[in-house]
**Q** 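The structure is given below, and queries will be raised subsequently.
Both ligands and their constituent atoms are indexed starting at 1 by order of listing.
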Amino acid sequence: MQIKLTNGKTIPVEMHKVKIVQKTYLQTAQGRLKALEQAGYNTFSLRSRDVFLDMLTDSGTNAMSDNQLAAMMQADDAYAGSESFYRLADTVQEVLGFQYVMPVHQGRAAEHLLAKTFVKPGMVVIMNYHFTTSKAHVELQGGKVLELCGDEAFNTQSTNRFKGDMDLGKLQAAIAEHGAENVAYIRMEATTNLIGGQPFSIQNLRDVKKIAEANHIPLVFDGSLISENAFLVKQREPEFAKASIKEIYQEMMSLVDILYLSGRKSTAVRGGMIATNQREVYDRILPWLPVYEGFTTYGGMSTKEVEAMAVGVREMCDENTASSGAEFVEYFVRRLGERGVPVVTPAGGLACHVDAKLFLPHIPSLQYPAGALAAAIYLVSGVRSMERGTISMDRDANGNEVASDMELARLAVPRRTYTMSQIEYATDRIAWLYNHKDLVKGLRFTQEPPVLRFFIGRLEALDNWGADLIKAFEADLGAI
Ligand code: F0G
């Protein structure tokens with residue numbers, strides 16, 4: 001909850017208390033250099049023991065609630081017909097209004113099944129913006145992704161409150177160009193991840209729905225970050241200022257044909273689901289569930305997580321839960337901004353994003369400024385962030401590099417996991433790095449996988465800049 005202090009400043013105050021903790025370690029500067037070299041300058045390849053604050057992602061790393069952990073104890077491990085599934089299905093019906101629910105092991109499994117069901121070679125899928133796995137699954141089925149957010153989405157220094165909105169003019173033009181029958185579906189991604197966790201408005205969703213309906217194109221909602229989008233709608237869209245978070249979910253869901261999500265974010269469990277009210281859609285997808293995921297009542301999830309997901313869906317209706325990530329993100333963005341560090345504005349959900357194009361203007365796209373920034377942030381702080389830039393773009397069909405629209409180092413803020421003093425520490429070290437940014441140079445691949453290369457690719461620092469950066473750090477700040 002945002003609380004105004006007597007000095008006029010506002011801070012996010014946690015509306016929960018800590019019951020269980022996990023120890024974390026802060027390696028020395030030399031230890032961090034060694035760990036990053038072993039990880040091939042890819043923060044994905046670091047071991048947890050070498051990471052102080054793990055801001056790689058909020059996926060599966062949010063703190064669960066006592067009620068979620070308690071619910072796990074009543075899991076019904078039946079292979080088929082598990083009561084845990086029916087508790088989840090009842091909750092989804094009550095909170096989100098969908099009659100048919102299919103659990104899957106995580107979000108990308110839902111993307112796989114949707115692409116397999118709807119995308120035929122040569123078809124297009126229209127999105128406000130892609131997510132890495134959503135794009136990969138469409139392309140693996142022979143489809144093409146069109147991203148039709150407004151141009152403002154790529155302005156990292158913006159005051160636009162809904163940079164995740166679909167551009168309606170571009171949407172109509174794309175349908176006219178490709179023909180409605182060749183559009184497999186329109187996908188709206190809540191709190192659009194790769195443009196900096198930016199929400200779309202409900203008015204935009206209504207307008208997209210009108211166009212989709214008129215053209216008989218299914219509207220798919222990626223709700224992995226649904227609670228953040230709902231909270232930001234409440235804050236930023238005057239029509240919903242007084243609505244409850246649950247009412248906002250229900251308004252959004254009333255507009256879409258299919259919801260899918262990664263439960264690893266908004267519901268704080270390891271799993272995912274697809275939900276719809278359309279019997280025909282359900283009947284088309286369901287047969288593939290046992291083939292790829294598991295029987296229809298567990299879909300590859302542990303039944304313990306199915307139970308916790310049911311509680312998570314209920315808990316995300318609580319405004320203090322829905323806001324717990326976004327308010328810390330806003331604080332982090334504000335504090336870095338005060339130190340002059342170029343961060344994506346307005347603050348969104350999921351993460352604080354540092355603009356690597358502005359932070360490291362001397363590094364060209366094909367030397368991976370966002371990857372270099374993520375590596376440098378780790379070296380100076382032990383904080384693990386993620387590259388969201390050209391490394392996250394795979395090569396095109398001809399093997400050519402594709403420069404990303406944006407170069408971001410993403411510092412995710414897992415919900416209810418880190419404290420304000422840890423955010424202050426991260427801010428301080430990133431500000432120090434900004435003052436020494438000339439020491440950071442580019443990266444080069446030494447091992448490049450053919451698909452989703454950002455996950456396990458290995459790179460090296462051009463001119464061994466990592467060692468120079470650590471030398472400067474030690475001279476200024478000492479061994480830690
Ligand atoms: N859609 C969105 C918007 C996501 O952010 C993610 C995952 C997925 C789909 C895929 O879900 O991981 O459960 O298979 N995002 C994670 C991240 C990986 O770090 O942002 P998944």
**Q** Please determine if Tyr260 has a nitrogen or oxygen closer than 3.5 Å to a nitrogen or oxygen of ligand 1.
**A**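 Between Tyr260 and ligand 1, no N or O pair is found under 3.5 Å apart.
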**Q** Given Leu56, Thr57, Leu261, identify the one with the heavy atom nearest to atom 19 (O) of ligand 1.
**A** Thr57
**Q** What are the two closest heavy atoms between Ala184 and Pro218, and how far apart are they?
**A** O-CD, 3.5 Å
**Q** Is it true that Lys246 and Glu319 have a side-chain N and a carboxylate O under 4.0 angstrom from each other?
**A**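 Judged by the 4.0 Å cut-off on N to carboxylate O distance, Lys246 and Glu319 do not form a salt bridge.
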**Q** Suppose we measure from atom 6 (C) of ligand 1 to each protein heavy atom; which comes out shortest, and what is that distance?
**A** Phe131 CE2, 3.3 Å
**Q** Report, in ascending order of atom number, the atoms of ligand 1 lying under 4.0 Å from any heavy atom of Gly107.
**A**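 Reading through ligand 1 atom by atom, the close ones are 11 (O), 13 (O), 14 (O), 21 (P).
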**Q** For ligand 1, which is the ligand I care about here, please tell me if Lys265 has any N or O atom under 3.5 Å from one of the ligand's N or O atoms.
**A** yes
**Q** Parallel, tilted or perpendicular, judged at 30° and 60°: which one describes the rings of Tyr282 and Tyr100?
**A**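 Rings of Tyr282 and Tyr100: parallel, as their planes differ by under 30°.
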**Q** In the protein, which heavy atom is nearest to atom 1 (N) of ligand 1, and how far is it?
**A** Asp222 OD2, 2.6 Å
**Q** Of all the heavy-atom pairs spanning Leu113 and Thr117, show the shortest one and how long it is.
**A**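 Minimum heavy-atom contact is O-OG1, 2.6 Å.
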**Q** Among all protein heavy atoms in this structure, tell me which lies nearest to atom 13 (O) of ligand 1, with the distance rounded to 0.1 Å.
**A** Ser262 OG, 2.7 Å
**Q** For Ala109 and ligand 1, does the shortest N/O to N/O distance drop below 3.5 Å?
**A** no
**Q** Here's a test for you: under side-chain hydrogen bond (donor to acceptor under 3.5 Å, both in side chains), which of Asp77, Thr297, Asp76 qualifies with Thr303?
**A** Asp77
**Q** So, are Asp151 and Lys170 salt-bridged, with charged N and O less than 4.0 Å apart?
**A** yes
**Q** Which residue and non-hydrogen atom of the protein lie closest to atom 10 (C) of ligand 1, and at what distance in Å?
**A**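 Looking at atom 10 (C) of ligand 1, the protein heavy atom closest to it is Thr133 OG1, 3.6 Å.
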**Q** Please tell me whether Phe44 and Phe454 form a close aromatic pair, meaning their ring centres lie under 6.0 Å apart.
**A** yes
**Q** Using a heavy-atom cut-off of under 4.0 Å, does the side chain or the backbone of His112 touch ligand 1, or both, or neither?
**A** neither
**Q** For atom 21 (P) of ligand 1, what's the nearest protein heavy atom and its distance?
**A** Gln106 NE2, 3.3 Å
**Q** Looking at every non-hydrogen atom in both residues, tell me the closest pair between Ile245 and Phe231 and how far apart they are.
**A** CD1-CA, 3.9 Å
**Q** Need the ligand 1 atom indices (1-based, order shown) with element for anything under 4.0 Å from a heavy-atom of Arg264.
**A**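 Answer for ligand 1: 13 (O).
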**Q** Counting heavy atoms only, name the option from Arg270, Arg388, Glu111, Arg108 that's nearest to atom 9 (C) of ligand 1.
**A** Glu111
**Q** With no hydrogens and no angle check, just 3.5 Å: does a side-chain donor-acceptor pair link Thr321 and Glu315?
**A**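 Side chains of Thr321 and Glu315: no pair found under 3.5 Å.
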**Q** Among all protein non-hydrogen atoms, which one is nearest to atom 5 (O) of ligand 1, and what is the separation to 0.1 Å?
**A** Asn193 ND2, 2.8 Å
